[in-house]
2 protein chains.
Amino acid sequence: MSDLLERLRERGWRLTAQRRVVAEVLDGDHVHLTADEVHARAIARLPEISRATVYNTLGEMVSIGEVVEVATDGRAKRYDPNAHRPHQHLVCSGCGTVRDVHPHGDPLAALPAAERFGFTVSAAEVTYRGLCPDCS
Amino acid sequence: MSDLLERLRERGWRLTAQRRVVAEVLDGDHVHLTADEVHARAIARLPEISRATVYNTLGEMVSIGEVVEVATDGRAKRYDPNAHRPHQHLVCSGCGTVRDVHPHGDPLAALPAAERFGFTVSAAEVTYRGLCPDCS
DNA sequence: TTCTTGACTTAGACGGAGTCCAATGTACGA
DNA sequence: TCGTACATTGGACTCCGTCTAAGTCAAGAA
Ligand SMILES: [Mn+2]
Ligand SMILES: [Mn+2]
Ligand SMILES: [Zn+2]
Ligand SMILES: [Zn+2]
């Protein structure tokens with residue numbers, strides 16, 4: 001994750017304790033935390049960090065493409081540090097767990113030109129739903 | 001849409017002016033209105049209808065499978081009367097317009113067993129993103 | 001037709017998620 | 001070390017949605 005901090009610095013961004021902590025908290029595989037979960041974990045390391053700063057920092061990381069926003073339910077958005085390898089999500093309808101998955105083929109290829117209504121289609125997001133081993 | 005009202009009655013539900021108006025407002029193709037948009041249009045026909053009733057009625061229609069909820073952005077959910085024919089959505093990143101699309105093949109088929117992590121996968125939702133003719 | 005009653009509707013309070021702001025603090029180049 | 005532009009803070013605010021208590025009414029019974 002210090003890659004990320006280095007990239008932030010290269011963009012002229014100040015390295016603050018808050019940004020460092022948000023980057024640390026978001027490290028790992030299959031990590032899909034809400035902003036408030038990030039805040040709670042950040043507070044454990046830096047008690048005075050504010051909710052607004054967590055939102056700001058997450059927003060910055062999203063805008064430079066280091067983190068992706070994932071909306072799997074009608075609830076809070078989730079933040080995903082796995083931004084370098086394109087992937088889709090498998091969500092448990094029971095407990096809400098989210099796993100990264102890599103379907104084969106390009107999902108865009110399944111949409112014929114006749115079904116594009118003149119749009120310039122640039123991306124496809126797929127959410128697979130089902131029950132995880134614990135919930136089934 | 002009186003099909004829908006008939007089905008509601010068969011389930012023992014009272015036919016009220018409010019439910020009738022919500023069903024009427026939601027009729028058509030490529031209709032993906034937010035609850036507040038439904039409310040605004042319903043008010044034009046029945047000025048005293050409340051927001052709570054619109055939410056209640058939409059929720060009932062969703063629970064009997066006559067309407068589907070669609071979350072295309074991080075904003076308000078949209079309500080889609082096209083519940084009988086399975087389909088996916090194409091969303092304009094500029095203006096937010098939503099079109100129904102029918103990709104070929106089963107989107108579930110693209111997810112190999114090795115990528116299912118022991119889940120019982122039952123559905124896949126695909127959101128295609130791009131720019132509509134007006135926005136590009 | 002009128003009556004009765006439980007289901008429906010209503011307004012407004014409430015809650016979660018996210019944004020915005022003015023005041024305060026601080027990273028870092030000079 | 002200093003100055004200052006940028007970052008952080010807490011709290012107010014907005015948007016979307018849910019809940020509740022009180023009033024209303026659809027529809028079966030008589
Ligand atoms: Mn992911
Ligand atoms: Mn649709
Ligand atoms: Zn589960
Ligand atoms: Zn558009």
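Source: prediction; values computed, not measured. Letters A, B, ... are given to chains in the order of the sequence lines, protein chains preceding strands, and every chain is numbered from 1.
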L5(A) CG to dA7(D) C1', in whole Å, measures 15 Å
Can you confirm whether R41(A) is buried at CZ, in the sense that more than 12 heavy atoms of other residues, nucleotides or ligands lie under 6.0 Å from that atom?
no
For T53(A), answer base if it contacts any base atom (sugar-phosphate contacts may also be present), sugar-phosphate if it contacts only those atoms, and nothing otherwise; contact means non-hydrogen atoms under 4.0 Å. base
Of the listed dG18(C), dC8(C), dT8(D), the closest approach to the T57(A) side chain comes from dT8(D)
Here the distance between atom P of dT8(D) and atom NE2 of H39(A), to the nearest Å, is 12 Å
query = Does T16(B) put a side-chain nitrogen or oxygen below 4.0 Å from OP1 or OP2 of dC25(D)?
reply = no
note: D73(B), atom CG; dA17(C), atom P; distance rounded to Å ~ 17 Å
The residue, N56(A) or Y79(B), whose nearest nucleotide of DNA chain D is more 5′ is N56(A)
note: L33(A), atom CG; dG18(C), atom P; distance rounded to Å ~ 13 Å
NE2 (H102(B)) and CG (L111(A)) are apart, to the nearest 0.5 Å, by 10.5 Å
By nearest-nucleotide position on DNA chain D, the 5'-leaning member of W13(A) and R9(B) is W13(A)
In whole angstroms, the gap separating C1' of dC6(D) from CG of L8(A) amounts to 14 Å
Among dC20(C), dT8(D), dC15(D), the one nearest any side-chain atom of R75(B) is dC15(D)
- request: With heavy atoms under 4.0 Å as the rule, sort R19(A) into base, sugar-phosphate or nothing.
  value: sugar-phosphate
Pair R9(B)-E6(B), salt bridge (Lys or Arg N to Asp or Glu O under 4.0 Å): steps then yes or no:
CA-CA 5 Å; R9(B) 198 211 300 268; E6(B) 199 43 52; 3.8 Å; yes
Quick check on dT9(D): is either OP1 or OP2 less than 4.0 Å from any side-chain nitrogen or oxygen of Q18(A)? yes
One should read off an interatomic distance between D36(A) CG and R51(A) CZ, to the nearest 0.5 angstrom, of 5.5 Å
| said: Quick check: any donor-acceptor pair below 3.5 Å linking the side-chain of R14(A) to the base of dA7(D)? | reply: no
Quiz item: Counting only distance, no hydrogens or angles, is the base of dG17(D) paired donor-acceptor with the side chain of R51(B) under 3.5 Å?
Solution: yes
- Message: Just to be sure I understand the rule, does A76(B) reach a base, reach only the sugar-phosphate, or reach nothing, if contact means heavy atoms closer than 4.0 Å?
- Response: sugar-phosphate
Worksheet item: Is the CZ atom of R129(B) crowded by more than 12 outside heavy atoms at less than 6.0 Å?
Response: yes
Here the distance between atom P of dG16(C) and atom CD of E37(A), to the nearest Å, is 15 Å
Separation of dT8(D) atom P from I49(A) atom CD1, nearest Å, is 8 Å
From CZ of R20(B) across to P of dT9(C) the rounded distance in Å is 11 Å
Per atom distances to the Y55(B) side chain, the nearest of dT18(D), dG18(C), dA11(C) is dT18(D)
Against the side chain of A35(B), the closest entry in dT9(D), dG17(D), dC28(C) is dG17(D)
Problem - Aromatic ring pairing H32(B)/H30(B), orientation class (parallel under 30°, perpendicular over 60°, tilted between) - result: tilted
